[in-house]
Novice: 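Just dropping this structure here.
All figures in this text were calculated on a predicted structure; none of them were measured in a lab.
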Amino acid sequence: MPLVIPEEIPAFALLKQNAFIMGCDRAKSQDIRPLEVLIINLMPTKIQTENQILSLLANSPLQVNITLLSTTSYVGKNTPKSHLDRFYVNFESILDKKFDGAIVTGAPIEHLEFESVKYWGELSEIMNFLKTHCTSTLYLCWGAMAALYHFHKIQKTALDSKLFGIFEHFWVEQDLILNGLDEIVKIPHSRHSGINEEQVRKNKNLKILLEGKESGITAIKDTKDFFILGHPEYSKETLDLEYKRDLDKGLEIAKPQNYYNANQEPVFSWRSSASVLFSNWLNFAVYQDTPFILQ
């Protein structure tokens with residue numbers, strides 16, 4: 001079954017060539033209860049992030065309705081206001097709704113203490129809302145660090161150097177979200193921070209799913225939510241664009257590891273793993289556990 005998104009959103013034209021998607025008008029004519037998934041997009045490049053996440057959700061056989069949410073306590077300048085006004089909602093407008101699933105993205109604000117983030121108060125309210133109004137939430141990169149801190153008091157730690165590239169991870173414990181993945185799972189990382197892994201290992205409410213020799217603990221689960229410290233949603237060119245952007249700014253930045261081939265071209269080596277992760281989350285953590293009637 002298809003992902004249901006407005007035909008006017010930029011991702012529609014991109015996805016209709018290689019994914020099963022459907023416009024809202026056509027979806028209304030089908031007698032089926034679609035999944036309701038909320039995406040809290042904290043990235044400054046919102047359209048790019050939409051395209052990445054929606055392309056992965058579109059691989060599912062389930063019909064999925066998407067609601068995009070942005071913070072009102074801080075509005076970035078990298079996305080046209082017309083796009084935000086047309087496709088995004090604010091938190092107050094969904095307080096009486098429930099969702100089958102939610103995704104919270106990362107944000108390039110790792111250098112800040114959580115309480116110093118301009119929208120931390122609003123995000124804290126959103127995360128509390130998701131615990132009671134959503135079947136399962138998938139937190140990505142900084143979003144995962146923020147949720148681990150908010151719910152489990154896991155501290156963020158500074159890395160000696162930026163973790164930047166494609167890294168291998170191995171299974172630590174079995175879980176349905178890993179079903180169908182190889183024993184070595186490649187995930188992109190682009191971050192200056194990590195988490196206090198000792199605190200994670202001591203927390204009986206947290207289950208470590210994936211860990212890497214270079215990237216450390218990367219995928220974690222609690223009773224209903226998942227925390228992935230990398231960026232499985234990244235497209236083929238994302239790390240290359242980040243690298244060239246930092247070079248243009250005159251920043252000291254090493255090339256992303258395990259990413260370029262001999263011709264210095266990006267190699268898309270994590271796409272299948274990302275597709276499996278997102279499909280498994282949607283199927284096993286959301287669809288299988290959500291009630292038929294959301295109340």
Side-chain angles (χ1 to χ4, degrees), residues 40-46 48-49 52-53 71 74 76-79 103-120 123-124 127 138-169 185-201 206 208-220 226-260 266 269-270 274:
I40 298 91
N41 192 348
L42 305 175
M43 292 292 283
T45 52
K46 286 187 169 28
Q48 181 187 71
T49 303
Q52 293 168 354
I53 292 177
T71 57
Y74 176 77
K77 300 178 180 179
N78 293 284
T79 304
I103 298 172
V104 179
T105 73
I109 49 177
E110 300 170 56
H111 60 290
L112 299 174
E113 296 297 326
F114 292 117
E115 289 83 358
S116 299
V117 174
K118 291 182 178 180
Y119 53 79
W120 180 251
L123 181 59
S124 296
M127 291 189 290
L138 178 61
Y139 293 92
L140 302 173
C141 201
W142 183 86
M145 297 181 199
L148 287 168
Y149 174 75
H150 180 67
F151 292 120
H152 301 286
K153 307 305 178 187
I154 305 299
Q155 298 293 320
K156 179 165 62 75
T157 60
L159 300 177
D160 295 333
S161 59
K162 184 177 183 179
L163 186 69
F164 192 38
I166 312 303
F167 299 95
E168 294 183 344
H169 307 80
V185 182
K186 293 184 178 181
I187 298 176
H189 289 263
S190 178
R191 53 186 170 92
H192 295 275
S193 299
I195 53 173
N196 187 315
E197 296 191 353
E198 184 179 357
Q199 290 180 331
V200 174
R201 298 184 196 281
L206 296 176
I208 301 170
L209 304 179
L210 293 174
E211 186 170 358
K213 292 181 179 179
E214 297 168 284
S215 54
I217 296 173
T218 293
I220 304 167
F226 295 85
F227 315 88
I228 299 179
L229 270 69
H231 282 286
E233 81 282 4
Y234 268 9
S235 62
K236 178 178 179 179
E237 299 83 7
T238 306
L239 291 179
D240 184 57
L241 293 172
E242 289 185 8
Y243 175 58
K244 292 174 179 176
R245 176 203 63 197
D246 288 351
L247 287 179
D248 289 341
K249 291 181 179 179
L251 300 176
E252 291 187 11
I253 179 71
K255 287 184 179 180
Q257 299 181 58
N258 313 311
Y259 179 53
Y260 295 116
S269 61
W270 64 95

Novice: With a 4.5 Å cut-off on side-chain heavy atoms, are Tyr259 and Trp270 touching?
Specialist: yes
Novice: Does a side-chain heavy-atom distance below 4.5 Å link Trp142 with Leu229?
Specialist: no
Novice: Is there side-chain contact between Ile253 and Leu247, with at least one heavy-atom pair below 4.5 Å?
Specialist: yes
Novice: I'd like to check Leu42 versus Leu123 (side-chain heavy atoms, cut-off strictly below 4.5 Å). Are they in contact?
Specialist: yes
Novice: At what distance, to the nearest 0.5 angstrom, does CG of Leu138 lie from CD of Glu233?
Specialist: 9.0 Å
Novice: Are any side-chain N or O atoms of Thr238 and backbone N or O atoms of Tyr234, one a donor and one an acceptor, separated by less than 3.5 Å?
Specialist: no
Novice: Take atom CD in Glu198; do more than 12 heavy atoms of anything else shown fall under 6.0 Å from it?
Specialist: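 At most 12 heavy atoms, drawn from other residues, nucleotides or ligands, come within 6.0 Å of this atom.
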Novice: Do you know the tightest heavy-atom contact between Met43 and Gly106?
Specialist: SD-O, 3.2 Å
Novice: Taking Asp240 first and then Lys244, would you say they form a salt bridge - that is, a charged N and a carboxylate O separated by under 4.0 Å?
Specialist: yes
Novice: For Gln48, does its backbone N or O pair with a side-chain atom of Thr45 as donor and acceptor, under 3.5 Å?
Specialist: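 Answer holds: no.
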Novice: Once rounded to the nearest 0.5 Å, what's the spacing between atom CG of Leu209 and atom CZ of Phe227?
Specialist: 10.5 Å
Novice: Hey, are the side chains of Ile195 and Ile220 touching, using non-hydrogen atoms and a 4.5 Å cut-off?
Specialist: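 SC-SC contact between Ile195 and Ile220 confirmed.
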Novice: To the nearest 0.5 Å, how far apart are OG in Ser190 and NZ in Lys162?
Specialist: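 So the OG of Ser190 and the NZ of Lys162 are separated by 3.5 Å.
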Novice: Would you confirm whether Ser116, through its side chain, and Leu112, through its main-chain N or O, come within 3.5 Å as a donor-acceptor pair?
Specialist: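 Answer holds: no.
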Novice: Look at the side chain of Glu168 and the backbone N and O of Lys186, then say whether any donor-acceptor pair between them is shorter than 3.5 Å.
Specialist: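 Answer holds: no.
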Novice: Answer yes or no: is there a side-chain heavy-atom contact under 4.5 Å between Ile154 and Leu206?
Specialist: yes
Novice: Between Glu113 and Tyr149, does any side-chain donor sit less than 3.5 Å from a side-chain acceptor?
Specialist: no
Novice: Which distance, rounded to the nearest 0.5 Å, do you find between the OG1 of Thr105 and the CD of Gln52?
Specialist: 10.0 Å
Novice: For the CE atom of Met127 and the NE2 atom of His150, what is their distance to the nearest 0.5 Å?
Specialist: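 Reported to 0.5 Å precision, the distance equals 4.5 Å.
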Novice: Checking the side chain of Gln199 only, and the main-chain atoms of Gln155 only, is there a donor and an acceptor separated by less than 3.5 Å?
Specialist: yes
Novice: Find out whether Ile228 and Leu210 are in side-chain contact, i.e. whether some heavy atom of one side chain is under 4.5 Å from a heavy atom of the other.
Specialist: no
Novice: Testing the 3.5 Å rule here: is there a donor-acceptor pair between the side chains of Ser215 and His169?
Specialist: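 Yes, side-chain donor-acceptor contact under 3.5 Å.
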Novice: Can you name the nearest heavy-atom pair linking Ser193 to Met145, along with the distance?
Specialist: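 Heavy atoms of Ser193 and Met145 come nearest at O-CE, 3.4 Å.
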Novice: Between Arg201 and Glu211 (salt bridge meaning N to carboxylate O under 4.0 Å), is one present in this structure?
Specialist: yes
Novice: Take Leu239 and Phe164 through the test side chain to side chain contact (heavy atoms under 4.5 Å, CB included) and record every step on the way to the result.
Specialist: CA-CA 8 Å; Leu239 291 179; Phe164 192 38; 3.6 Å; yes
Novice: If you compare all heavy atoms of Pro188 against all heavy atoms of Pro232, which two are closest, and at what distance to 0.1 Å?
Specialist: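 Between these two residues, the closest heavy atoms are CD-CA, 4.0 Å.
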Novice: Main chain of Lys46, side chain of Asn41: is a donor-acceptor contact present, judged purely on distance under 3.5 Å?
Specialist: yes
Novice: Is the backbone N or O of Gly165 less than 3.5 Å from a side-chain atom of Gln257, with the two atoms forming a donor-acceptor pair by type?
Specialist: no
Novice: Please report the closest heavy-atom contact between Lys236 and Pro266, naming both atoms and the distance.
Specialist: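 The pair with the smallest heavy-atom distance is CE-O, 3.2 Å.
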Novice: Test side chain to side chain contact (heavy atoms under 4.5 Å, CB included) on Tyr74 and Trp120; report intermediate values, then the result.
Specialist: CA-CA 10 Å; Tyr74 176 77; Trp120 180 251; over 6 Å; no
Novice: With rounding to the nearest 0.5 Å, note down the distance linking CG in Asn258 to CD1 in Ile166.
Specialist: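 If we round to the nearest 0.5 Å, Asn258:CG and Ile166:CD1 are 7.5 Å apart.
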Novice: Does the Lys NZ or Arg CZ of Lys156 fall within the cation-pi geometry relative to Phe114 - under 6.0 Å from the ring centre and within 45° of the axis?
Specialist: yes
Novice: Tell me, do Ile103 and Ile40 make a side-chain contact under 4.5 Å, heavy atoms counted?
Specialist: no
Novice: Give the C-alpha distance, both sets of side-chain angles, the deciding distance and a yes or no for side chain to side chain contact (heavy atoms under 4.5 Å, CB included) between Val200 and Asn196.
Specialist: CA-CA 7 Å; Val200 174; Asn196 187 315; over 6 Å; no
